[in-house]
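Notes to accompany the following structure.
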There are 2 protein chains.
Amino acid sequence: MIEQFRNRFQLEASKFDAYAKCFNRIEVPAKTTLLNEGEISKRMFFIEKGCIREWFNNDGKDVTCQFFFEQEAVGSIESFKKNIPGLTTIETIEPSVLWWIHQEDALRVIEEIKDIPRLRDLFIDKIFERTFDYMKYFFSAIKDSPQERYLRLLAERPEVIRRVPQHYIASYMGISSVHLSRIKSKLSKR
Amino acid sequence: MIEQFRNRFQLEASKFDAYAKCFNRIEVPAKTTLLNEGEISKRMFFIEKGCIREWFNNDGKDVTCQFFFEQEAVGSIESFKKNIPGLTTIETIEPSVLWWIHQEDALRVIEEIKDIPRLRDLFIDKIFERTFDYMKYFFSAIKDSPQERYLRLLAERPEVIRRVPQHYIASYMGISSVHLSRIKSKLSKR
DNA sequence: ATAATTTGATAACAAATGTTATCGTCACCC
DNA sequence: GGGTGACGATAACATTTGTTATCAAATTAT
């Protein structure tokens with residue numbers, strides 16, 4: 001994991017090592033809560049192995065708002081800067097191997113990165129990508145039927161379909177698990 | 001308009017004037033198409049007065065994806081860097097006074113801005129804000145009923161309700177105009 | 001191994017939402 | 001000032017989606 005980052009960002013060795021010290025490796029079983037509103041000191045996670053979902057409580061029902069897999073960062077910059085949407089809970093779906101960093105360290109690293117043009121541009125691109133993603137999700141939500149959205153998810157993020165329990169996917173799609181089951185059944189009859 | 005920007009960004013006079021030269025003022029009637037897939041050279045607009053909607057064609061129906069009002073920028077950075085979602089059309093809803101800039105000029109200004117820490121941070125904050133907005137829209141789409149989303153729109157962006165024709169709002173909410181009419185009627189009966 | 005829990009499919013019924021059509025009002029154009 | 005089209009309300013009916021309940025299979029815990 002560490003080596004991947006070293007290659008990816010090409011920092012000077014001393015600086016990289018300083019950053020690397022901030023990261024802690026943990027292994028956790030499935031259904032482990034990593035972050036919730038109770039916690040005061042926030043953390044950010046990188047997934048070496050496993051799969052995570054982010055969700056929040058809406059009138060007693062959980063609404064899943066995102067899934068994360070290997071090589072992705074969770075508990076990310078957005079929720080660091082503001083708390084949106086309200087406070088979310090992050091928990092593992094599969095047994096996972098994670099690297100975590102304190103929020104303050106992450107923010108400090110980001111501030112330093114902003115002065116290195118190459119990394120700054122990389123950072124800005126990452127934010128843009130995230131913006132595009134959420135634009136896509138939003139547009140898809142208003143223009144596509146649930147069945148179309150399921151097919152889109154299957155095409156664009158097959159990992160989600162393969163690895164995530166179906167009722168979480170239904171919640172993420174904003175439909176009932178019964179309805180998702182019907183969609184699958186209808187599709188399989190072709 | 002120009003003076004507002006001068007105050008907002010506090011650039012050196014010479015640089016500011018160079019930028020200012022790139023902007024062109026136009027006045028257009030309602031329902032004017034400002035940008036569509038036919039156009040090769042793209043433009044970006046700032047609204048001095050009026051109101052704009054952005055939409056795209058989805059199987060023969062228009063889907064409205066956003067509304068813009070005074071002091072907002074349209075045809076923005078996102079669609080400059082990538083073309084998402086596909087190509088959108090931008091048209092005025094009300095008679096409007098606009099300032100436009102060539103895409104290339106806008107990109108050049110942005111590149112220069114990245115080296116001025118204060119403006120760079122402003123720029124990054126703007127992108128973040130946009131990301132948060134679309135996250136909120138997406139989450140609201142999966143967790144709230146159409147009626148709740150209407151009330152949210154009324155609370156958070158009353159301008160949209162006041163100034164935009166209802167069938168555009170319905171399209172933006174991803175519901176039929178009949179259904180939106182029913183929601184309003186139901187709410188007014190309380 | 002057995003029990004308990006989670007997951008997913010299905011049916012029956014209820015509620016929400018879409019579609020099509022009709023009508024009235026209002027603004028705009030000649 | 002009469003026509004035209006845009007806008008919005010409403011009704012009737014069709015379709016989609018949610019809810020609740022039940023069952024079976026798979027997974028996990030003891």
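A note on names: the letters A, B, ... follow the listed sequences, proteins ahead of strands, and every chain is numbered from 1.
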If I compare all heavy atoms of A/Lys49 with all of A/Arg163, which pair ends up nearest, and what's the gap? NZ-NH2, 4.1 Å

Search all heavy atoms of A/Arg149 against all heavy atoms of A/Ile175 and return the closest pair with its distance.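 Taking A/Arg149 first and A/Ile175 second, the nearest heavy atoms are NH2-CG2, 4.3 Å.
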
In Å, rounded to the nearest 0.5 Å, how long is the span from CZ of A/Arg162 to CG of A/Leu154?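 A/Arg162 CZ to A/Leu154 CG: 11.0 Å, rounded to 0.5 Å.
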
Between CZ on residue A/Arg182 and OG on residue A/Ser177, distance to nearest 0.5 Å: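 If I round to the nearest 0.5 Å, the distance is 9.5 Å.
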
Please tell me if B/Gln166 has a side-chain N or O lying less than 4.0 Å from either OP1 or OP2 of D/dA9. yes

Phosphate OP1/OP2 of C/dT6 contacted by A/His167 side-chain N/O (<4.0 Å): no

Under 3.5 Å, is there a donor-acceptor pair between the side chain of A/Ser171 and the main chain of A/His167? no

Without swapping roles, check the side chain of B/Glu70 against the backbone of B/Gly50 for a donor-acceptor pair under 3.5 Å. yes

Stretch residues 148-163 of chain B: residues that reach within less than 4.0 Å of DNA chain C through a heavy atom: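 Those residues whose heavy atoms fall under 4.0 Å from DNA chain C, taken from residues 148-163 of chain B, amount to none.
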
Give the C-alpha distance, both sets of side-chain angles, the deciding distance and a yes or no for side-chain contact (heavy atoms from CB on, under 4.5 Å) between B/Ile52 and B/Thr92. CA-CA 4 Å; B/Ile52 284 176; B/Thr92 52; 4.1 Å; yes

Report the C-alpha distance between B/Tyr168 and B/Phe67 in whole Å, list the side-chain angles of each, state the deciding distance to 0.1 Å, and finish with yes or no for ring-ring contact (aromatic ring centres under 6.0 Å, His included). CA-CA 9 Å; B/Tyr168 293 152; B/Phe67 303 110; 7.3 Å; no

In dot-bracket, 5' to 3', how would DNA chain D read with Watson-Crick or G-U wobble pairs under 3.5 Å, [ ] for crossing ones and | for pairs to another strand? ||||||||||||||||||||||||||||||

Rounding to a whole Å, what distance do you find between [X]:[atom1] and [N]:[atom2]?
| X | N | atom1 | atom2 | answer |
| --- | --- | --- | --- | --- |
| A/Met173 | C/dG8 | CE | C1' | 16 Å |
| B/Ile169 | D/dC7 | CD1 | P | 12 Å |
| A/Asp144 | D/dT17 | CG | P | 12 Å |

In residues 174-188 of chain A, which residues come under 4.0 Å of DNA chain D by heavy atom? A/Gly174, A/Ile175, A/Ser176, A/Val178, A/His179, A/Arg182

Closest-nucleotide 5' rank along DNA chain D - winner of B/Lys189 and B/Lys31: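 The residue closer to the strand's 5' end, by nearest nucleotide, is B/Lys31.
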
Ring geometry between A/Tyr172 and A/Tyr137 (parallel below 30°, tilted from 30 to 60°, perpendicular above 60°):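 Taking A/Tyr172 first and then A/Tyr137, their aromatic rings stand perpendicular (interplane angle over 60°).
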
How are the rings of B/Tyr134 and A/Phe139 set to each other: parallel, tilted or perpendicular (split at 30° and 60°)? perpendicular

Applying a 4.0 Å non-hydrogen cut-off, can you work out what B/Lys61 is touching in the nucleic acid: base, sugar-phosphate, or nothing? sugar-phosphate

Verdict with supporting geometry, A/Ile47 and A/Phe69, side-chain contact (heavy atoms from CB on, under 4.5 Å): CA-CA 6 Å; A/Ile47 306 176; A/Phe69 300 91; 5.6 Å; no

